[in-house]
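Structure record follows, encoded as structure tokens.
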Amino acid sequence: MDRSFDCHAETAPQSPVVLSVPHAGRDYPLALRAALAVPLKTLLPLEDRHVDAVALAARGRETLLIQRLPRAWIDLNRAENERDPRVDEGARTTALPLASAKVKTGLGLVPRRAVGNTPLWRRRFDDADIAARIVRHHRPYHAALASALADARAAFGVAILLDIHSMPPLSSGARIVLGDRFGRSASARFVARAEGVARRAGLQTALNLPYAGGHILATHGRPTDAVHAIQIEIDRTAYLDVTLDHPDAGLDRVAAMLRQMIAGLAEEALSSRFAAAAE
């Protein structure tokens with residue numbers, strides 16, 4: 001089965017940091033385009049537009065996963081049971097007794113909207129269709145991410161997932177939002193290290209608000225097992241042109257900041273491991 005994501009990795013882990021880009025996919029399948037009730041450009045706000053280019057420019061020798069399929073096809077940052085009955089005939093109320101906030105707002109496993117309340121799809125998708133997307137695209141990405149983190153932990157005694165996203169400008173002025181699910185997915189020292197790098201780069205930061213992290217952090221962040229997970233949201237205006245469609249000169253600056261953040265997280269991980277070994 002062909003993978004729907006790219007995996008950039010060395011033969012053996014070279015860093016405790018693993019990078020994930022789940023929402024930058026731009027390969028829109030014909031089946032998706034045929035099902036649309038709106039122009040294709042309506043889906044663009046669902047993309048973390050070109051943040052994969054930022055991640056690629058920032059990567060050293062870390063393992064990096066980039067999903068090629070769009071979030072509109074299947075959202076890797078939602079649980080398998082976050083299926084919306086308004087767009088998915090296979091959604092079961094028994095699978096999710098209380099619909100998550102994301103499903104209620106139209107941003108479930110398969111989104112029903114992008115901006116506003118305009119429906120995206122001509123019809124509901126059948127159960128077999130969504131089940132196939134889960135098997136072919138959702139589970140393999142998470143399996144690969146779990147494997148990469150396990151390999152990093154085995155090699156270094158600790159692993160850190162940095163899940164990379166982008167966001168529209170915030171009224172608060174924050175250009176970087178770091179999420180750790182309010183302390184549940186990563187130790188505070190790693191979040192503080194990442195925040196310090198962003199602030200030294202002159203970027204205003206926020207923690208967990210309005211983005212605390214979703215299914216990826218909930219699934220893979222296990223601080224008690226020495227696997228930490230942090231989500232980073234980057235203001236798109238920092239690296240895209242005025243149309244928010246193409247990278248501009250800001251990409252190099254943002255990538256340099258992200259590179260320093262990755263290096264800082266790795267240094268923090270290794271120094272904490274050596275300190276623990278010395279005790």
Side-chain angles (χ1 to χ4, degrees), residues 1 3-5 20-49 67-143 145-146 163 165-168 179 181-182 184-185 208-221 229 231 233:
M1 180 171 57
R3 292 191 309 197
S4 59
F5 60 93
S20 165
V21 183
H23 284 167
R26 298 182 291 279
D27 293 351
Y28 287 87
L30 178 60
L32 179 150
R33 287 179 275 146
L36 277 174
V38 295
L40 184 63
K41 65 181 181 181
T42 307
L43 302 181
L44 295 184
L46 290 171
E47 289 183 16
D48 286 345
R49 192 73 171 161
Q67 171 69 314
R68 294 193 304 271
L69 288 171
R71 180 182 179 185
W73 182 249
I74 191 164
D75 190 338
L76 302 177
N77 207 22
R78 299 290 176 264
E80 291 183 14
N81 62 354
E82 289 187 275
R83 297 173 64 169
D84 186 344
R86 293 175 63 176
V87 297
D88 178 356
E89 291 181 355
R92 301 283 192 272
T93 56
T94 54
L96 195 64
L98 296 175
S100 72
K102 294 299 184 181
V103 171
K104 288 179 180 177
T105 58
L107 296 174
L109 187 66
V110 174
R112 69 170 182 265
R113 66 170 186 87
V115 175
N117 293 314
T118 302
L120 296 178
W121 312 110
R122 297 178 184 274
R123 57 173 178 78
R124 294 167 75 209
F125 299 102
D126 64 36
D127 183 25
D129 184 354
I130 304 305
R133 297 186 202 183
I134 291 171
V135 171
R136 293 173 184 168
H137 310 305
H138 192 279
R139 290 179 186 170
Y141 189 93
H142 282 277
L145 196 52
D163 198 42
H165 298 255
S166 72
M167 64 183 183
R181 294 183 62 81
F182 297 94
R184 295 193 297 274
S185 69
N208 288 314
L209 296 173
Y211 306 108
H215 177 65
I216 289 175
L217 264 60
T219 299
H220 300 284
Q231 178 177 284
E233 296 272 0

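Below, all heavy atoms of this structure are taken into account, side chains as well, without hydrogens, waters or symmetry copies.
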> Checking side chain to side chain contact (heavy atoms under 4.5 Å, CB included) for the pair T118/T42: CA distance, chi angles, key distance, verdict?
Replying inline: CA-CA 9 Å; T118 302; T42 307; 5.7 Å; no
>> Do I74 and L69 have side chains that approach each other closer than 4.5 Å (heavy atoms only, starting at C-beta)?
In response: no
>> I want to check something: taking the side chain as every heavy atom from C-beta on, are S4 and Q67 in contact at a cut-off of under 4.5 Å?
In response: yes
>> If you compare all heavy atoms of R71 against all heavy atoms of P111, which two are closest, and at what distance to 0.1 Å?
In response: O-CD, 3.5 Å
>> If I compare all heavy atoms of E47 with all of Y28, which pair ends up nearest, and what's the gap?
In response: OE2-OH, 2.6 Å
> Less than 4.5 Å apart, any side-chain heavy atom of L36 and any of L43?
Replying inline: yes
> Where do R49 and S166 come nearest, in terms of heavy atoms and distance?
Replying inline: N-OG, 3.7 Å
> What's the shortest heavy-atom distance between P22 and H165, and which atoms?
Replying inline: CG-CE1, 3.5 Å
> Once you round to the nearest 0.5 Å, how far does OG of S20 lie from NE2 of H142?
Replying inline: 8.0 Å
> Can you check whether H220 reaches D163 side chain to side chain, under 4.5 Å on heavy atoms?
Replying inline: no
> Atom CZ in F125, atom CD1 in I130: separation rounded to 0.5 Å?
Replying inline: 6.0 Å
>> For the backbone of G25 and the side chain of R68, can you confirm whether one donor and one acceptor N or O come within less than 3.5 Å of each other?
In response: no
> Do you know the tightest heavy-atom contact between E89 and R124?
Replying inline: CA-NH2, 3.3 Å
> Looking at side-chain heavy atoms only, is the closest gap between P70 and L46 below 4.5 Å?
Replying inline: no
> Between L107 and R113, is any pair of side-chain heavy atoms under 4.5 Å apart?
Replying inline: yes
> Do R86 side-chain atoms and V103 backbone N/O form a donor-acceptor pair below 3.5 Å?
Replying inline: no
>> Looking at every heavy atom in both E233 and Q231, which two are closest together, and how far apart are they?
In response: OE2-NE2, 3.3 Å
>> Contact between V110 and W121 at the side-chain level, heavy atoms closer than 4.5 Å - yes or no?
In response: yes
> So do L109 and H138 actually touch side chain to side chain, heavy atoms under 4.5 Å?
Replying inline: yes
> Per the salt bridge (charged side-chain N to carboxylate O under 4.0 Å, His left out) rule, which among D127, D126, D75 passes with R83?
Replying inline: D127
>> So, taking the atom named CZ in R78 and the one named NZ in K102, what distance separates them when rounded to the nearest 0.5 Å?
In response: 5.0 Å
>> Would the distance check show the side chain of R3 and the main-chain N or O of P140 forming a donor-acceptor pair, the cut-off being under 3.5 Å?
In response: no
> How many angstroms lie between atom CG of L217 and atom OH of Y211, to the nearest 0.5 angstrom?
Replying inline: 15.0 Å
> Is R184 atom CZ crowded by more than 12 heavy atoms from other residues, nucleotides or ligands, each under 6.0 Å away?
Replying inline: yes
